[in-house]
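Contents: one structure, followed by commentary.
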2 protein chains.
Amino acid sequence: MQHPQHPVAAPRTDTRMRVQKVALELFAEQGYEKTSLREIAERLGVTKAALYYHFKSKEDIVHSLTDDHNARIDELIEWAKGQPADERTRSEILDRYVRIVFDGAEVFRFMEQNRAAMQAMEQGKGDRLARFRDRLDALVGLLAGPDAPLRERVRATAALISASATCMIGWDSHEDPAELRAIALEIAAELVG
Amino acid sequence: MQHPQHPVAAPRTDTRMRVQKVALELFAEQGYEKTSLREIAERLGVTKAALYYHFKSKEDIVHSLTDDHNARIDELIEWAKGQPADERTRSEILDRYVRIVFDGAEVFRFMEQNRAAMQAMEQGKGDRLARFRDRLDALVGLLAGPDAPLRERVRATAALISASATCMIGWDSHEDPAELRAIALEIAAELVG
DNA sequence: GTCTATAGACGGATAGAC
DNA sequence: GTCTATCCGTCTATAGAC
């Protein structure tokens, strides 16, 4: 008789997730470039080499943190392209967008504060919506219409930027998150309405 | 008879400004941390050591780029503190704020894209409004009132963030700058009004 | 005011034992 | 899956000649 589920000696199967957690903390505290793999390993109580078993490079850690969130934005864009360009669709785009940023607030805050580093990583990825700016432009196009006048495009941009900023800025810790999300959505709706 | 104005051999007295120009270009292209003094010197046709004659460190180059603009924000805050907290004052705060960001758009864009690096530099400067976040909070306090409810504080924050983003985002190069500035102001006024 | 040369430190990444 | 040890590159900053 065997116990195939659990190998003996409980080999810390969650190390990968612990690396992600610590890396995100340090990237947020001191920035991506100023955080070395040595620091991440030290705070985790392992060695640099251990990190390379779970991630093939420093950039790979970042991608493991950001890919899911970026994919959700891409899905939103794809979905919206198949919808009629009416008021109903616009308000659903904003609702879903705010929810995505709100759910991944820590990661989006990291991306925001390290935009220069993110842009450097995005270089050379010509395919799809690899670049942050492409995603923003796509959403603006869907919210304002592809050939909208400058004023409408600027307002749609401002709507997205202020909504996400509201979701990811560090407020007093005892503010009501649900209220923040509602206010973010209200502001965005006002600007595209 | 002498010619006291121009020393012989025209010793490139503008090198300091040329360094600032090239540094800002490179910081914007690849980010502050990924730009080395070697690269700056190379693009300028001088050596690293020459840079150290004009600036005492890499950070010092950044401060030479940003200090004036930050001081203008500080002056705006000081001025506003002595004004009555009415509609007239709020709208003048926004007008002056937008003008400051608009005038220094390249530098503000650099600070925005390298916020992590900026924050790292701001560590340990306890005095005055050394930190970016302090300036934002001060302006929000002046626009919304010191003990305003959450919604008003969030809206004031969104006003400042979207106005500055509008001024410093890279739009199609043939857009009318004056129109952009007007739209930025309109959005901000709407959110604090 | 600009140069050459170098110090001194730290970074990411890999090899190979256990 | 984690370790030790190390390679090799790059960086900021300085010393000192011209």
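A note on names: the letters A, B, ... follow the listed sequences, proteins ahead of strands, and every chain is numbered from 1.
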With sequence neighbours excluded, what pairs up with B:Asp68 under the salt bridge (charged side-chain N to carboxylate O under 4.0 Å, His left out) test? none
Who pairs with B:Glu92 by side chain to side chain contact (heavy atoms under 4.5 Å, CB included), at least two apart in sequence or on another chain? B:Trp79, B:Arg88, B:Arg96
From the options C:dC3, D:dC3, C:dT2, select the nucleotide whose nearest atom is closest to the side chain of B:Thr47. C:dC3
For each nucleotide in nucleotides 12-18 of chain D, reading 5' to 3', give B when a protein heavy atom comes within less than 4.0 Å of its base, S when such contact involves only the sugar-phosphate, and - otherwise. BBBB---
Could you tell me how far apart A:Leu44 (CG) and D:dC3 (P) are, to the nearest whole angstrom? 10 Å
Could you state the CD-P distance from B:Glu39 to D:dG9, rounded to the nearest angstrom? 17 Å
Does the B:Arg16 side chain pair with the main chain of B:His54, one donor and one acceptor, at a distance under 3.5 Å? yes
Round to the nearest Å and state the distance from B:Ile40 atom CD1 to D:dT10 atom C1'. 15 Å
Test salt bridge (charged side-chain N to carboxylate O under 4.0 Å, His left out) applied to A:Lys81 - qualifying residues, sequence neighbours left out: A:Glu78
For B:Lys21, which residues count as a salt bridge (charged side-chain N to carboxylate O under 4.0 Å, His left out) partner, sequence neighbours excluded? B:Glu25
Only pairs at least two apart or in different chains count here, so list each side chain to side chain donor-acceptor pair (under 3.5 Å) that has a residue in residues 166-176 of chain B. A:Arg153-B:Glu175
Measure from the side-chain heavy atoms of A:Tyr53 and tell me the nearest of C:dC3, D:dC3, D:dG1. D:dG1
